[in-house]
J.: 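First, the structure itself, so that you have it in front of you.
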Amino acid sequence: MQILQKRRIWTCACIVFTGLCLRLWGDPYSDIKMAVSPRSDAVLSVSEFRGTALNSLSLRSAVTYENGKPVIEKQYDTAGVLNSQAEYVYTDKDLLSEITGRDKAGNGIWKYSYAYDDAGRFIIEVSFDGGGKKEWEKNVSYGASGFPEKEITYNADGTVNVKQLSVYDTAGHLLEQKRLYPDDRLLKRTVYTYSSDGILLSEAHYDGNGLYETVGYTYEEGLLKKVTTAGADGTVKNFTLKTYNKNGQLTVEELYGSDSIKKNRTEYAYDSRGSRIYQKDSTGQYILWEIAYKN
C-alpha cells in the first residue's frame, strides 16, 4: 500500500523563516503545525534567487505578505518564467484556512483546506485535486493534556491510509511517535530523550525490523553544535558541525561522512534585522533572499 506523503508547499520559506528545518524541540505541535511561518509585520515580500554565479542568479520564488503572513507565493522555472503560484487564505482569527495552487494560466491544480476546534487547534486537513475532488483527509485528536495524540490520514474513499500516535511527558516533551499501517503494523517509531532542562539529546529510529538508526545532538552554550547519525551498532554514518555568529545565528554547517572527510560546507549570512539573506554550499550553489520591509 502506498503511504501518502504530504506535499511541502513551503519548503523554501521554512529555511528563510526559521533558519533551520528542524523539529521545534519541546513543541509537540511541530509535526502537524501548518508549514506557513509568520514573519515580522514589517515584511512586505521575500524573493528567492538561485544559481551558480552571483552575477547571474535566477528568480525562483516570490512571496507577498500581509500582517506578517504570506498571501501569495509565486514559483518560477530556471529561466525565471512564472511556473505556478499558491494563494493563502486565513480565517477572521488569523488561522490558515486554505492554500490553493494554480498553474501559470491561473487554473487551480490543487487545494488544501484546514479546520480548527473552538480552542483554535488544528484538527482537519483535506487535500483536493484541481477539479475539487478529495484526495485524502487527515484528522487530529488531542488528549487530556491538550497535546495532539493521534493523527489518522484517510484515503478519498474513507479507508485508513496511515496512523500516527504520539506520547508526551508531563512537561509536554514528545517522547515517542509511531507511524502505523492501516492494520497497525509498524511503519516507523521514533523515541526521543531529553536533558533535565528539556533539551533534545537523541532520537532512536525503528522500523518493523527493529532499531536501525540513532541521531545524537551536542550543544555548547545553549547552541546546537553537532548532529551525529549512527547505525544500530553505533557506527557513525555521518555528522554535521555547526558554527554561529555572536548573535547566535547559524553561519556555517559542515557535513562529514563516516570516514570523517568533509562532504559539504554551507555558509549563511543575515541582514541587520536577523533575516537570512545568503546561502552558499561547497558545490557552488547560491541562494539569495531579497526582503522588502515597510520601514
Side-chain angles (χ1 to χ4, degrees), residues 1-11 14 21-36 96 99 101 109-117 121-169 172-194 200-217 227 229-235 237-238:
M1 171 176 290
Q2 180 184 8
I3 299 299
L4 294 171
Q5 297 295 323
K6 180 180 176 182
R7 279 176 282 184
R8 295 299 178 187
I9 309 304
W10 213 250
T11 303
C14 180
C21 291
L22 295 176
R23 177 178 294 103
L24 301 177
W25 303 327
D27 181 356
Y29 298 90
S30 61
D31 283 339
I32 62 170
K33 186 178 291 182
M34 299 303 96
V36 179
L96 180 64
I99 309 177
I109 51 178
W110 51 260
K111 178 181 176 181
Y112 290 97
S113 69
Y114 304 93
Y116 306 82
D117 64 16
R121 300 179 303 188
F122 161 61
I123 54 173
I124 299 174
E125 176 183 25
V126 184
S127 173
F128 302 91
D129 65 16
K133 183 180 179 180
K134 180 189 288 189
E135 296 177 320
W136 51 265
E137 177 177 322
K138 177 191 287 186
N139 290 353
V140 181
S141 57
Y142 297 77
S145 63
F147 300 127
E149 294 184 350
K150 181 184 292 186
E151 298 178 35
I152 302 180
T153 301
Y154 298 91
N155 298 306
D157 62 3
T159 57
V160 174
N161 181 273
V162 66
K163 304 175 185 179
Q164 181 168 289
L165 306 178
S166 302
V167 178
Y168 308 86
D169 64 16
H173 300 116
L174 181 61
L175 297 179
E176 180 183 60
Q177 196 164 72
K178 292 181 180 179
R179 290 182 65 82
L180 306 172
Y181 290 100
D183 60 1
D184 290 333
R185 287 182 298 115
L186 182 66
L187 175 60
K188 182 178 181 180
R189 174 180 176 236
T190 304
V191 177
Y192 305 90
T193 59
Y194 301 83
L200 180 65
L201 296 179
S202 67
E203 299 181 17
H205 300 165
Y206 301 81
D207 59 17
N209 296 316
L211 177 68
Y212 68 89
E213 182 180 79
T214 63
V215 181
Y217 301 96
V227 180
T229 302
D233 61 357
T235 302
K237 294 180 177 180
N238 59 69

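Because the structure is a prediction, the values reported are computed rather than measured.
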J.: Check side chain to side chain donor-acceptor pair (under 3.5 Å) between K134 and all other residues, then give those that pass, not counting sequence neighbours.
T.: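 K134 satisfies side chain to side chain donor-acceptor pair (under 3.5 Å) with E137 once adjacent residues are dropped.
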
J.: Identify the heavy atoms of F122 and I124 that sit nearest to each other, and give their distance.
T.: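 Between these two residues, the closest heavy atoms are CE1-O, 3.1 Å.
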
J.: I'd like to check the side chain to side chain donor-acceptor pair (under 3.5 Å) partners of S202; sequence neighbours left out, ordered by chain and number.
T.: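 If we apply the side chain to side chain donor-acceptor pair (under 3.5 Å) test to S202, skipping adjacent residues, the hits are T193.
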
J.: Rounded to the nearest 0.5 Å, how far apart are OG of S166 and CZ of R179?
T.: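 Answer rounded to 0.5 Å: 10.0 Å.
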
J.: With sequence neighbours excluded, tell me which residues meet salt bridge (charged side-chain N to carboxylate O under 4.0 Å, His left out) with D157.
T.: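 Listed in chain order: nothing, the list is empty.
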
J.: Go through it in stages, so that I can follow the logic: the residues are Y206 and L211, the test is side-chain contact (heavy atoms from CB on, under 4.5 Å), and I'd like the CA-CA distance, side-chain angles, deciding distance and then a yes or no.
T.: CA-CA 4 Å; Y206 301 81; L211 177 68; 3.5 Å; yes

J.: Ignoring hydrogens and angles, state whether a donor on the side chain of Y168 or E149 is under 3.5 Å from an acceptor on the partner side chain.
T.: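 Side chains of Y168 and E149: no pair found under 3.5 Å.
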
J.: Any donor-acceptor pair under 3.5 Å linking the side chain of N155 with the backbone of G158?
T.: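 Not a single qualifying donor-acceptor pair exists.
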
J.: Return the set of residues passing salt bridge (charged side-chain N to carboxylate O under 4.0 Å, His left out) with D117 (not counting sequence neighbours), or none when no residue passes.
T.: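 Partners of D117 by the salt bridge (charged side-chain N to carboxylate O under 4.0 Å, His left out) criterion, ordered by chain and then number, come out as R121.
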
J.: What is the ring orientation for Y112 with Y114, classed by angle as parallel under 30°, tilted 30 to 60°, or perpendicular over 60°?
T.: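 Parallel.
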
J.: If you measure from CG on D169 to CD on E176, what distance do you get to the nearest 0.5 Å?
T.: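 Result: 12.5 Å between the selected atoms.
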
J.: Can you tell me how far the NZ atom of K111 sits from the CD1 atom of I99, to the nearest 0.5 Å?
T.: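 So the gap between those two atoms works out to 11.5 Å.
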
J.: Using side chain to side chain donor-acceptor pair (under 3.5 Å) as the criterion, list what pairs up with D233, not counting sequence neighbours.
T.: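 In terms of side chain to side chain donor-acceptor pair (under 3.5 Å), with neighbours along the sequence ignored, D233 is linked to T235.
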
J.: Nearest heavy-atom pair of Y194 and L201: which atoms, and what distance?
T.: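 Shortest heavy-atom separation between Y194 and L201 comes out as C-CD1, 3.7 Å.
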
J.: For the CG atom of L165 and the CZ atom of R189, what is their distance to the nearest 0.5 Å?
T.: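 Between atom CG of L165 and atom CZ of R189 there are 12.0 Å.
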
J.: Under 3.5 Å, side chain of Y217 to main-chain N/O of E203, donor-acceptor pair present?
T.: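 No: the side chain of Y217 does not pair with the backbone of E203.
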
J.: Determine the minimum heavy-atom distance between S113 and F128, stating which atoms define it.
T.: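 Answer, listing the atom of S113 first, then F128: OG-CE1, 3.6 Å.
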
J.: Listed by chain and number, what are the salt bridge (charged side-chain N to carboxylate O under 4.0 Å, His left out) partners of K150, not counting sequence neighbours?
T.: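 Residues passing salt bridge (charged side-chain N to carboxylate O under 4.0 Å, His left out) with K150: none at all.
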
J.: For the OG1 atom of T190 and the CG atom of L175, what is their distance to the nearest 0.5 Å?
T.: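 Rounded to the nearest 0.5 Å, the OG1-CG separation comes to 12.5 Å.
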
J.: Between Y116 (side chain only) and L96 (backbone N and O only), is there a donor and an acceptor less than 3.5 Å apart?
T.: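 Judged by distance alone, yes, a pair lies under 3.5 Å.
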
J.: From E125 CD over to I123 CD1, what is the distance, rounded to the nearest 0.5 angstrom?
T.: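 One finds 12.5 Å between CD of E125 and CD1 of I123.
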
J.: Please walk me through it: do V160 and Y154 pass side-chain contact (heavy atoms from CB on, under 4.5 Å)?
T.: CA-CA 4 Å; V160 174; Y154 298 91; 3.8 Å; yes

J.: Do Y212 and K188 have side-chain heavy atoms sitting under 4.5 Å apart?
T.: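 Yes - at least one pair of side-chain heavy atoms lies under 4.5 Å apart.
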
J.: With sequence neighbours left out, write down each residue that passes side chain to side chain donor-acceptor pair (under 3.5 Å) with D184, or none if nothing qualifies.
T.: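 With neighbours one apart ignored, the set is K163.
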
